[in-house]
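Throughout, protein chains are lettered first and strands after them, A, B, ... in sequence-line order, and every chain is numbered starting at 1.
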Protein chains: 2
Amino acid sequence: MSIDSATQNWSTAERKIMEATYRAMLEYGYSGLSISRIADQFDKSKASIYYHYDSKDDLLLAFLDFVVDRFKTDFAEGVDEDPNSALTTVIEKLVPLRMNDEEFQGQRVLIELRSQATRNDAFREKFTEINELLVRTICEIIERGIENGTFRDVEAARVAEHIVATVNGSTIDRVTTDRETAPAAVRISLVSYIDSELRSHR
Amino acid sequence: MSIDSATQNWSTAERKIMEATYRAMLEYGYSGLSISRIADQFDKSKASIYYHYDSKDDLLLAFLDFVVDRFKTDFAEGVDEDPNSALTTVIEKLVPLRMNDEEFQGQRVLIELRSQATRNDAFREKFTEINELLVRTICEIIERGIENGTFRDVEAARVAEHIVATVNGSTIDRVTTDRETAPAAVRISLVSYIDSELRSHR
DNA sequence: GTCTATAGCCAGATAGAC
DNA sequence: GTCTATCTGGCTATAGAC
């Protein structure tokens, strides 16, 4: 899937509403979101929001697309490098030693939306897509590396699933606990796992 | 920390309210929880809830304790076996090949509560506790195994962090996506990682 | 301890002017 | 497209009887 096909054409007004929703979500969380609070985050009235979206649910589905598209676009960078660099790039992006504030806020929003996937099918499908994209992308990098002799001949799909689970677990830990040293420990351990599983020459 | 010290003394009425909250949470989710809906889940009126709890926030904090205590009690089983069995027991419990419905619903509730930890300090502290407990417990199992010669002499804390991140990532995947084969793949890969990291004799 | 009734507030959504 | 004004209903929380 290309970036273009995943990205909707947002009108200016709609993009402004999405940005306002993002700010309201950061300030009040999913359970504290309201149309009034979204309207307070930009220069239009709340009635104008109903011109662009039929209902709050409709707006939330669009917002889910908006946030997930951003994540996918960001993730797609650097995956076309040679297998070794691509894998390093991906790991560094998904488990940074130190996450900047913008990424951190984005992950806060994502985890709140993800928790809705337990009850809402449209949300569930989106997060299924995200995890499939992560696994498929990493799997393809590993397969390319096996083909050109960079990596050992492992079960690429199994290793990719392991990496994605570890990466996701680390991210959740980062945004829902105060365990500040944990992400770096996982990063080191994950790189060491990848080295011994894919790059060792025994 | 013993199970007793972690478990509060819930009165009968309070336990009934907690059970009702649990059912309401399953049906409506965190953002759909209301005092009326909780009252509808048992045989008392909503005013009676305010006799036992000062406010909705107060009730939610008690509910967080209730759910987390259950999780901790459940997790504590089997960790006192010999290191090899204890590690296997823990992994099988945290990444079951097939999760039964009760466990699954419990994890759904936990992830919704966990997502609140991004905005609420009391919630954040609880989930910090949970992850610390998981890491510490697994770390101690590994250290016991190293001492008695069952396991190789690895950095126990680092391996424990890796295992916990992978386990948590797998659980989130299970409750927020439709990727039904993913948990089993992670389980196999995780066991293989543990074997080669701790149990190999090269 | 539990009830019914209700106060007061804010939500989602719509009407109709411009 | 955006506004102000407003409807309806559910929410948290309390009052006061039993």
Side-chain angles (χ1 to χ4, degrees), chain A residues 8-67 109 112-113 115-116 119-123, chain B residues 8-67 109 112-113 115-116 119-123:
Chain A
Q8 297 184 211
N9 285 334
W10 308 92
S11 77
T12 309
E14 281 160 1
R15 192 159 34 239
K16 279 189 176 178
I17 293 172
M18 292 296 98
E19 298 284 358
T21 305
Y22 191 84
R23 286 190 293 273
M25 180 102 181
L26 282 178
E27 189 161 350
Y28 304 105
Y30 183 90
S31 65
L33 264 190
S34 76
I35 301 293
S36 310
R37 282 172 167 174
I38 293 170
D40 288 347
Q41 297 290 331
F42 76 135
D43 59 354
K44 299 288 163 59
S45 74
K46 66 175 183 166
S48 81
I49 291 174
Y50 284 98
Y51 174 82
H52 295 280
Y53 300 98
D54 291 342
S55 66
K56 188 186 177 186
D57 274 6
D58 187 35
L59 183 153
L60 287 174
L61 287 178
F63 182 63
L64 177 64
D65 282 343
F66 177 78
V67 171
V109 169
E112 281 210 76
L113 293 177
S115 80
Q116 299 304 311
R119 3 193 14 83
N120 180 317
D121 286 343
F123 278 59
Chain B
Q8 298 186 209
N9 286 334
W10 308 92
S11 76
T12 309
E14 282 160 1
R15 192 158 35 239
K16 279 189 175 178
I17 294 173
M18 293 293 100
E19 299 284 358
T21 305
Y22 191 84
R23 287 191 291 275
M25 181 101 181
L26 281 178
E27 189 163 349
Y28 303 105
Y30 184 90
S31 65
L33 264 191
S34 76
I35 302 293
S36 311
R37 282 172 167 172
I38 293 169
D40 289 347
Q41 298 289 331
F42 77 135
D43 59 353
K44 300 287 163 59
S45 75
K46 66 178 183 166
S48 82
I49 292 174
Y50 283 98
Y51 175 82
H52 295 280
Y53 300 97
D54 291 342
S55 66
K56 187 185 177 186
D57 274 5
D58 187 35
L59 183 153
L60 287 174
L61 287 178
F63 182 63
L64 177 64
D65 281 343
F66 176 78
V67 171
V109 169
E112 281 210 77
L113 293 177
S115 80
Q116 299 305 312
R119 0 191 21 78
N120 180 317
D121 286 344
F123 279 59

| task | Search all heavy atoms of B:Leu59 against all heavy atoms of B:Met18 and return the closest pair with its distance. | result | O-CE, 4.1 Å
| query | Mind checking what makes side-chain contact (heavy atoms from CB on, under 4.5 Å) contact with A:Ala47, not counting sequence neighbours? | reply | A:Ser45
| task | Can you sort out which residues in residues 15-28 of chain B have a heavy atom within less than 4.0 Å of DNA chain C? Ascending by number, please. | result | none
| What's the OH-C1' distance between B:Tyr50 and D:dA13, to the nearest Å? | 5 Å
| remark: Here the distance between atom P of C:dA13 and atom CD1 of A:Ile38, to the nearest Å, is 11 Å
Report all interatomic pairs (protein N or O, nucleotide N or O of nucleotides 15-18 of chain D) with separations under 3.5 Å.
none

| task | Go through the structure and list residues passing ring-ring contact (aromatic ring centres under 6.0 Å, His included) with A:Phe66, not counting sequence neighbours. | result | A:Trp10
| query | With sugar-phosphate meaning primed atoms plus P, OP1 and OP2, does A:Asp57 contact a base, only sugar-phosphate, or nothing at under 4.0 Å between heavy atoms? | reply | nothing
| remark: To the nearest angstrom, the CD1-C1' distance between B:Ile49 and D:dT14 comes to 15 Å
| A:Asp54 CG - C:dT14 C1' separation (whole Å) | 13 Å
| note | Rounded to the nearest 0.5 angstrom, the CD-OH distance for A:Glu112 and B:Tyr30 is 9.5 Å
| task | Report which part of the nucleic acid B:Asp43 touches: base, sugar-phosphate, or nothing (heavy-atom distance under 4.0 Å, all strands). | result | sugar-phosphate
| Approximate separation, where rounding is to 0.5 Å, of A:Ile38 CD1 and A:Ser34 OG | 7.0 Å
| task | Would you please confirm or rule out a distance under 4.0 Å between OP1 or OP2 of D:dG1 and any side-chain N or O of A:Tyr51? | result | yes
| Does A:Ser48 place a side-chain N or O at less than 4.0 Å from the phosphate oxygens OP1/OP2 of D:dC3? | yes
| In Å, rounded to the nearest 0.5 Å, how long is the span from CE of A:Met25 to CD of A:Gln41? | 13.0 Å
| query | Roughly how far apart are A:Thr21 OG1 and A:Leu64 CG, rounded to 0.5 Å? | reply | 12.0 Å
| Please give, in whole Å, the distance from C:dT2 C1' to B:His52 NE2? | 8 Å
Are any protein N/O atoms closer than 3.5 Å to N/O atoms in nucleotides 6-11 of chain C? If there are, list each pair with its distance.
none

| message | With a 4.0 Å cutoff (strictly under), does any side-chain N or O of A:Ser45 reach OP1 or OP2 of D:dT2? | response | no
| field | Any pair counted as salt bridge (Lys or Arg N to Asp or Glu O under 4.0 Å), so long as it reaches residues 39-60 of chain A, sequence neighbours left out | value | none
| With the threshold set at 4.0 Å, does a side-chain nitrogen-carboxylate oxygen contact exist between A:Glu27 and A:Arg37? | no
| Distance, nearest 0.5 Å, that separates CZ of A:Phe63 from CG of A:Leu33 | 7.0 Å
| request: With rounding to the nearest 0.5 Å, note down the distance linking CZ in B:Phe42 to NZ in B:Lys16. | output: 8.5 Å
